[in-house]
Amino acid sequence: MNFADEIVQWYLINKRDLPWRNTTDAYTIWLSEVILQQTRVEQGMPYFYRFLEKYPDVSSFAAAHEDEILKLWQGLGYYSRGRNMLKTARLVQETYSGRFPDSYNELIKLKGIGEYTAAAISSFAANEAKAVVDGNVYRVLARYFGIYEPINSTQGKKTFQKLADDFLNKKMPGLHNQAMMEFGAMLCKPKNPACNVCPVRPGCEAFKTGAVATLPVKLKTVKIRERFFNYFLITDGDTVLMNKRGENDIWANMFDLPMIETGSILPLEELLKQPEVLSVFGKKIDAAEVSPVHKHILTHQRLFVRLIQIHNQPEIKTDKNWVKIDVQNLPGLALPKIIFILLKNIFNL
DNA sequence: ATCCCGGTCT
DNA sequence: AGACCGGGAT
């Protein structure tokens, strides 16, 4: 028996009895599939029952008000799913006279139905030979075949779709698709997969190489953080107050200037009222901006940096990391690029 | 408290 | 590539 047949055998014995599996009605399957997008079975189940009871067919769904749909959808998240369902129900009512389509090529045109859902509905309702590739299928294929291509890259998606298509049981695509997903959800789980009872363990590349916990590979999207650095230029004769940075943030152990970080760009007036500023510099600061806001790009951060000169400051509550440095010694310090630029403009370094 | 997970649309 | 959401794990 090949890999896919083994999984179908496993499925026939171990499957959960879920309500949407006992029908070939495209409308009912559509309802369940959209509810289950990005949603766990346990969470989606009560919503499925409520929707099916209130809207037993596409005509009743199409006749609903958007407010009713959203109310019934409340708590499920990704509310555009509900709004798209209403658009689709109305379109189906109009153009298909209420007969929900069950072919991949018709389904894929509908709002809220992408590749996965079109393959799911067409294979479950009409046994069309389209392989589903959802998060479960990615995981099962990546592990069994030992594929390190990222599942969320453009090329990776193609690779996995092709692999899924190649292994699809063309005689019973619906059963095959259900089996692949159930196997991923119940046995080949993201965490703590049940390899000890896995029927395809002997052929599993990830198991052989100890890569089960590593696969599938997923590109993590590096979110770029925006930060706002307000630097203060505090001079005394030929010296300037510098700050030795700590270990944990960017520019570890390098020198910058005394600084207050804020959550956004504040007008100078506002900035000087911030508690952190008041506690360090007091109320009567004679301060002026001496640089525009510089945008400084790092790999994971976008910095908005400006320099504010403080003219008359007799008593500053100084920090233990602050040190007076002779201006002529500034070029000898390890300075981040943007700090060097700010100081260069002031002191003609 | 923060991270991770997941289909579709734009 | 990023936005959309809530739940479960850490």
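Each chain gets a letter, A, B and so on, in the order the sequences are listed, and its residues count up from 1. None of the values given here were measured: they were computed from a predicted structure.
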| said: With a 4.5 Å cut-off on side-chain heavy atoms, are A:Tyr79 and A:Arg83 touching? | reply: yes

When rounded to whole Å, the CH2 to P distance for the pair A:Trp73 and C:dC4 reads 17 Å

Is it true that a side-chain atom of A:Lys170 and a backbone atom of A:Leu168 form a donor plus acceptor pair closer than 3.5 Å?
yes

Taking any heavy-atom pair under 4.0 Å as a contact, classify A:Tyr78: base, sugar-phosphate, or nothing. base

The correct set of residues in residues 22-43 of chain A placing a heavy atom under 4.0 Å from DNA chain C is A:Arg40, A:Gln43

Any donor-acceptor pair under 3.5 Å from A:Asp326 side chain to A:Asn329 backbone
no

Here the residues of residues 128-143 of chain A within 4.0 Å heavy-atom distance, strictly under, of DNA chain B are A:Asp134, A:Gly135, A:Arg139

Comparing A:Thr154 with A:Arg83, nearest DNA chain C nucleotide closer to 5' gives the residue A:Thr154

Closest of B:dC5, B:dT8, C:dT10 to the A:Thr117 side chain is B:dT8

Contacts of A:Asn192 and A:Tyr79 projected onto DNA chain C by closest heavy atom; the upstream (5') one is A:Tyr79

Here the distance between atom C1' of B:dT8 and atom CD of A:Glu115, to the nearest Å, is 11 Å

Between A:Ile113 and A:Pro190, the residue closer to the 5' end of DNA chain B by nearest nucleotide is A:Pro190

What residues 99-111 of chain A contributes to the DNA chain B interface at heavy-atom separation below 4.0 Å is A:Leu110, A:Lys111

Remember a base hit wins even if backbone is also touched, and classify A:Lys189 as base, sugar-phosphate or nothing at under 4.0 Å, heavy atoms.
nothing

Is there a side-chain polar atom (N or O) of A:Lys218 under 4.0 Å from OP1 or OP2 of B:dC4? no

